Amino acid sequence: MGIGEADAFSERLKQELVALEAANVYQLLESEPLIEEVLQGLDAASATVDDMDEWLRIFNLKLRHMREDISSIESRNNGLEMQSVNNKGLVEELEKLLERLRIPQEFAASLTGGSFEESRMLKNVEACEWLTGAIRCLEVPNLDPSYVNMRAVREKRAELEKLKTTFVRRASEFLRNYFSSLVDFMISDKSYFSQRGQLKRPDHADLRYKCRTYARLLQHLKSLDKSCLGPLRKAYCHSLNLLLRREAREFANELRASTKAPKNPAVWLEGANNAGQNGSSADTSTVSDAYSKMLTIFIPLLVDESSFFAHFMCFEVPALVPAGAPNVNKHISGGNEPDDDLSLMDPDGNDLKPDNTSVELGTLNDALQELLDGIQEDFYAVVDWAYKIDPLRCISMHGITERYLSGQKADAAGFVRKLLDDLESRISVQFSRFIDEACHQIERNERNVRQTGILAYIPRFAVLASRMEQYIQGQSRDLIDKAYTKLVSTMFTTLEKIAQSDTKTADIVLIENYAAFQNSLYDLANVVPTLAKFYHQASESYEQACTRHISSLIYLQFERLFQFARKVDELTYTIAAEEIPFQLGLSKTDLRRVLKSSLSGIDKSIGTMYRRLQKTLTSDELFPSLWDKCKKEFLDKYEGFVQMVARVYGNEPIMPVAEMKETLASF
């Protein structure tokens, strides 16, 4: 291509470019018509494009309006669809509400006019359950708060309240009449009660069975209207109280009539000796057995009735007989009584757990007071009857009552425990009355002047105490000890007063009676601490009386001898022993004169003292021991006299102590 030389090649290219441009210009000039035609086409196309642009703007405006219309339609359609959904939901809710508000015809009929016969009770209970549930469903939170003030709900609630009021009134009236008719039927039938020659245990099994038929009804009445239970409880208490009092009265009357007991009461601490002993030997055990039978029959019955009443009448209190504990009736009487316990349940059939601190416990005890009030009079009558026959049987009855009391829970069957407390108090009062009368009998001995020998009440008290110890049961020890304290204190006080009425025989009366008291109560004092205390007191008083009496005998017989010794002893406190023989009336000559007058006929003097002691005693049994005491006392005093003579008067001759001892031994 001749590119070996750059200049030549560059020149060549310039020439070819000029030639090419000239050719292009020529070509352009030749294609001018075509260009015009193209330009015209371009103008036409441009006009068409402008027209299309205008049309597109118009279509775009129309589409924008259509979109707005479609959006508006969609919005309205969504609202209608939501309204449809809400209306459907509202209809469903209203259907549910209407279902709640609907009163089934069969339930309405049962609540307003149905029968309360036993065969219809299942229907009545179902109606109660429905009514309770229906009322509960119309209350917050079971019902949405927004429905509470709806007119239909208010009207339906008022209708349900009217149904409830009508049913509660009808059921309450029926139950009041039913309780009364049940008891009236039993009272009119004499075979239910004890009759002449036949003691009959009260049997309430049939009564409780019939009442249990309406137990669920009572529980529903409580859930519907708790205030209706008050009149129902009063009606039940009034009716059953009549039955229980009639049963107790008939039983107590026949119990007393059929019990064989001595007609003449024992006289313990007054009257002739034989009369007192014969009266006290009669067997009166049937009296305390009768009282025990009264408690054995009625205390378990009253506890069971209290427990049944508490559960039957829907008291929310702890069980009166704890779960798993033996039945009181079976435990005490050995009977096979039916279990009448009713569990507390709510209307849905679930067990209720009573609160131990339930405020209803006080209400229950008030109701039990009304249920059982008046029955205590028949128990009191048995106690008074037993007391008239044998007052000492109060001891047995006190022990029996205490045993029943210890078996009662502190918070169980409040009236029954109160009844037992009252019985125990009444028995204690009656026994105290007997003790007071016995003390008056003892004190009447004061009026009998110049009594000698053993007083009648001393040996009789030993017999009385022996009998009292035989009757002790349970916790009666304190009662008996108080009686012993009062009786023996009165005996000792009266004895001292009788003794002081004659100072000459005072010590003899005390010696003989305190000795008799110790001899008669020796065995009992070994086993009864209270009597042991009085035994020791009598022993001390006996020793003191012996000492005084023996001393008086000795001084009466040897007055000059021991009076001389007393004067010497008194002077030893003021002057020296060596100076005493030089005092007036205490010289050696005076001593010899006293010794001669007192000891010259010592055998005769001791014999006189022996006979004087023997004469003053009415009981020969006491004389040997008293004489021994007298000899010992005299010998001790004489030995002291001999020692005084040796100390003050030197070797002055006097009868030796050993010789005096031999002389005394001969008596």
Side-chain angles (χ1 to χ4, degrees), residues 267-273 276 435-465 482-522 525 530-559 562-563 566 608-623 625-630 632-634 637:
V267 179
W268 286 98
L269 297 173
E270 70 175 354
N273 289 336
I435 297 300
D436 290 340
E437 291 177 355
C439 290
H440 292 322
Q441 293 172 13
I442 295 170
E443 290 169 349
R444 279 198 286 270
N445 285 273
E446 290 182 42
R447 305 191 192 104
N448 300 328
V449 297
R450 297 186 62 82
Q451 294 194 52
T452 58
I454 299 173
L455 300 177
Y457 61 74
I458 297 292
R460 288 180 191 169
F461 173 75
V463 178
L464 176 64
K482 289 179 180 178
Y484 286 154
T485 301
K486 189 166 187 178
L487 282 172
V488 178
S489 298
T490 304
M491 288 168 57
F492 287 175
T493 302
T494 303
L495 175 59
E496 294 288 344
K497 290 180 180 179
I498 292 174
Q500 296 304 321
S501 64
D502 186 357
T503 56
K504 293 182 179 180
T505 60
D507 289 328
I508 295 298
V509 171
L510 294 176
I511 289 170
E512 292 183 336
N513 283 277
Y514 281 127
F517 181 86
Q518 294 178 77
N519 292 336
S520 60
L521 287 176
Y522 178 78
T530 302
L531 290 179
K533 180 183 69 174
F534 288 111
Y535 182 92
H536 293 308
Q537 182 180 337
S539 178
E540 292 175 2
S541 299
Y542 170 81
E543 292 295 336
Q544 293 170 5
C546 286
T547 301
R548 288 195 303 271
H549 184 60
I550 290 171
S551 296
S552 66
L553 282 177
I554 293 173
Y555 279 112
L556 181 63
Q557 190 64 39
F558 298 95
E559 182 178 5
F562 294 113
Q563 191 173 14
R566 185 165 58 250
T608 302
M609 188 168 61
Y610 176 89
R611 289 188 297 273
R612 185 173 287 141
L613 176 61
Q614 191 175 35
K615 183 179 179 181
T616 56
L617 294 175
T618 58
S619 173
D620 294 336
E621 297 175 356
L622 292 177
F623 178 73
S625 61
L626 275 178
W627 178 240
D628 289 339
K629 288 178 181 290
C630 185
K632 183 178 183 302
E633 181 74 14
F634 176 74
K637 290 180 179 296

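Predicted model, so just to flag it, every value in this text is computed and none were measured.
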Side chains of residues 544-553: which donor-acceptor pairs under 3.5 Å do they make with residues two or more places apart or in other chains?
from	atom 1	to	atom 2	distance (Å)
Thr547	OG1	Glu543	O	2.8
Arg548	NE	Asp507	OD1	3.0
Arg548	NH2	Asp507	OD1	3.0
Ser551	OG	Thr547	O	2.7
Ser552	OG	Arg548	O	3.4
Ser552	OG	His549	O	2.5

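- Considering only residues two or more places apart in sequence or on other chains, Tyr610 meets the ring pair (Phe, Tyr, Trp, His ring centres under 6.0 Å) condition with Phe623, Trp627.
- How far OG of Ser520 is from CZ of Arg460: 13.0 Å, rounded to the nearest 0.5 Å.
- The closest side-chain heavy-atom distance from Leu510 to Tyr542 is not below 4.5 Å.
- Within the 4.5 Å cutoff, the side chain of Leu464 has heavy atoms near those of the Leu487 side chain.
- One distance of note links CG of Asp628 with CD of Glu633; it measures 13.0 Å at 0.5 Å rounding.
- When all heavy atoms of Ala506 and Ala499 are compared, the pair lying nearest together is CB-O, 3.1 Å.
- Residue Leu613 holds its CG atom at 12.5 Å from OG1 of Thr608, rounded to the nearest 0.5 Å.
- The shortest distance between side-chain heavy atoms of Arg612 and Lys615 does not fall below 4.5 Å.
- Atom OG1 of Thr494 sits about 11.5 Å away from atom CZ of Arg444, to the nearest 0.5 Å.
- Taking CD1 of Ile508 as the reference point, atom CD of Glu512 lies at 6.0 Å (rounded to 0.5 Å).
- Between Phe461 and Ile442, every side-chain heavy-atom pair lies at or beyond the 4.5 Å cut-off.
- Annotation: the span from Tyr535 atom OH to Leu521 atom CG amounts to 9.0 Å, rounded to 0.5 Å.
- Ring orientation note: the planes of Phe517 and Phe492 are nearly perpendicular, at an angle over 60° on the 30°/60° scale.
- Under the 4.5 Å side-chain criterion, counting only non-hydrogen atoms from C-beta, Val488 is not in contact with Gln537.
- Scanning both residues, Ile554 and Cys630, for their nearest heavy atoms gives CD1-O, 4.0 Å.
- Nearest heavy atoms, Leu455 versus Asn513: N-OD1, 2.7 Å.
- Qualifying side-chain hydrogen bond (donor to acceptor under 3.5 Å, both in side chains) partners for Glu496, counting only residues two or more places apart in sequence or in other chains: Tyr514.
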Begin from the C-alpha positions of His440 and Thr490 and carry the test side-chain contact (heavy atoms from CB on, under 4.5 Å) through to its verdict. CA-CA 9 Å; His440 292 322; Thr490 304; over 6 Å; no
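- Residues Met491 and Tyr457 meet the side-chain proximity criterion, which asks for heavy atoms closer than 4.5 Å.
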